[in-house]
Each structure stands twice: as structure tokens, then as C-alpha cells.
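For reference, the structure discussed in these notes is given below.
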Amino acid sequence: MRAIRAASAALLGAAALALTTPAVAMATAAAPTPFGFAVTPSVIAAGGQVTLTVTGCSSTATAESGVFDDTPIPSGGSARASIFWDAKPGAMYEVTFTCNGEQGTTDLTIAGGTPSPTPTRTPTSTPTRTPSPAVTRTATTSSTAIAPPGGVRGGLGGSFIGMNATELAIGTGLVAVAAAGTVLVVRRRSASRDH
């Protein structure tokens, strides 16, 4: 009976550790920067132009990527960069912004993972009647449908910036309280069965 309790406690401890480790790794990997930055649009076709924006930077910032030339961005402003024509469709490139020695990164996706959209015409016939019963006219109309160049890029929608030490401490505390509560309930059950 004691072996079962010990195994349960060991599994609970391992589960708590496993659940908190990814959060710690994510918090250290995605540290927020003291300045804001953006690439618009975040999905662009090869040969297109993106707007690079930096806010909260007291000096000239730079944006670097393997898909456009290094671009200086004036303090508190924005700049435009042309995407290389040979950018691979469907590929995701990292854009690195540098301001006063600090760096931040974001992703830029090249549209066209599928062939470029082509309009398709669908003929539609609509019979119309005239006063003479022997004559029938058919009017032909067409509609144009354009398919989007790729799928929707799902994600967190910009709502996730990163975690700080306070959030990590609160999460760890909640896991510890849950583990302690589970141990307490298991011990009470086993104590009531012994009597």
C-alpha cells in the first residue's frame, strides 16, 4: 500500500515538473524588448514592399532579414523594404530589429505556397420569357472568384508578449498547491480506511 502512495506522489511530482518546464523555457526564449517593432503586412508576395516600424527607440534602428536588404529606420518612424524577387513562396523568414544594441525578432511569410490565384469564370444561364411563346432568350452572365494565395496564419494574434518572473512564480505556486491538495486528499482517504 505504501508503494502505491509513493508511486502516486512521484508521478504527481513528475507531472508538475513536466508542466512547468515548457513555461520556463518559453519565458527565457521570448524576452520582451524595450522598444516596439512591426512588419506590415506579415504575409507578402515576392517582389512586394513591407513597412518596417519601430517605436520607443531613441536612435536610428535597423531591420535585417535574408529576404530584403538591411534597412535603417529613423527614430520613432518607419521605412519601406522591397522583398527579393527570388524569395521562396511559402517560406517564413525571420526579421531582426536592432535598437541601441537590443534586438527583437518577428516572422515574415512569403505568400504563394500555392500557384498564384487565377480568376475563374462560371457561365450561368437564365431563361427569360418574351411575349411570344415560340421564342426563348437565354442571357449569359459570369462571376469571377479569386482564391486566396495561401492558408490563414493562425497563432496567438499578438496577444502573447512573454512571461515575467511574477507570472512564473504564480504558476509554480498554483501547481504546488494542487499537488499538496492531492497528497492531502490521498492521505486522508488512506487514514480513514486504516481505522
Side-chain angles (χ1 to χ4, degrees), residues 13-117 146-180:
L17 180 64
L19 292 174
T20 56
T21 301
V24 171
M26 187 182 307
T28 58
T33 59
F35 62 96
F37 53 88
V39 176
T40 47
S42 63
V43 178
I44 186 86
Q49 285 195 338
V50 292
T51 302
L52 307 166
T53 307
V54 174
T55 57
C57 183
S58 59
S59 63
T60 300
T62 58
E64 303 170 352
S65 180
V67 74
F68 58 80
D69 291 324
D70 292 358
T71 307
I73 305 168
S75 175
S78 62
R80 295 187 62 83
S82 296
I83 305 299
F84 296 146
W85 283 100
D86 61 348
K88 183 179 177 187
M92 186 178 297
Y93 291 89
E94 187 174 83
V95 179
T96 303
F97 291 88
T98 306
C99 172
N100 297 328
E102 297 282 335
Q103 289 188 333
T105 60
T106 188
D107 292 329
L108 175 66
T109 303
I110 305 302
T114 59
S116 62
I146 298 179
V152 175
R153 181 178 175 210
L156 296 172
S159 64
F160 182 77
I161 296 173
M163 292 187 167
N164 58 29
T166 306
E167 290 173 338
L168 288 174
I170 291 171
T172 304
L174 288 173
V175 169
V177 167

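Shown here for Ile110 and Lys88, the closest heavy-atom pair between the two residues is CB-O, 3.4 Å. Residues Ala81 and Leu52 share a closest heavy-atom pair of CB-CD1, 3.8 Å. Here the closest non-hydrogen pair linking Phe37 and Thr106 is CE1-CB, 4.0 Å. Scanning both residues, Asp107 and Glu94, for their nearest heavy atoms gives OD1-CA, 4.2 Å. Heavy atoms only, all atoms of each residue included: Ala111 and Val43 are closest at CB-CG1, 3.8 Å. Residues Cys99 and Ser58 share a closest heavy-atom pair of SG-N, 4.5 Å.
By the side-chain contact (heavy atoms from CB on, under 4.5 Å) test, Ser78 pairs with Thr51, Thr53, sequence neighbours left out. Ser59 pairs by the side chain to side chain donor-acceptor pair (under 3.5 Å) definition with Asn100, not counting sequence neighbours. Taking the side-chain contact (heavy atoms from CB on, under 4.5 Å) definition, one finds that Pro41 meets it with Ile44, Val50, sequence neighbours left out.
Sorted by first then second residue, the ring pair (Phe, Tyr, Trp, His ring centres under 6.0 Å) pairs that include residues 70-94, not counting sequence neighbours, number zero. For residues 43-83, the set of pairs meeting the ring pair (Phe, Tyr, Trp, His ring centres under 6.0 Å) definition, not counting sequence neighbours, is empty. Within the structure, side-chain hydrogen bond (donor to acceptor under 3.5 Å, both in side chains) pairs that include any residue of residues 64-75 do not occur (at least two apart or interchain).
One finds the CD atom of Gln103 at 8.0 Å from the OG1 atom of Thr62 (value rounded to the nearest 0.5 Å).
With respect to Val67, the side chain to side chain contact (heavy atoms under 4.5 Å, CB included) criterion is satisfied by exactly one of Val95, Leu108, Asp86: Leu108.
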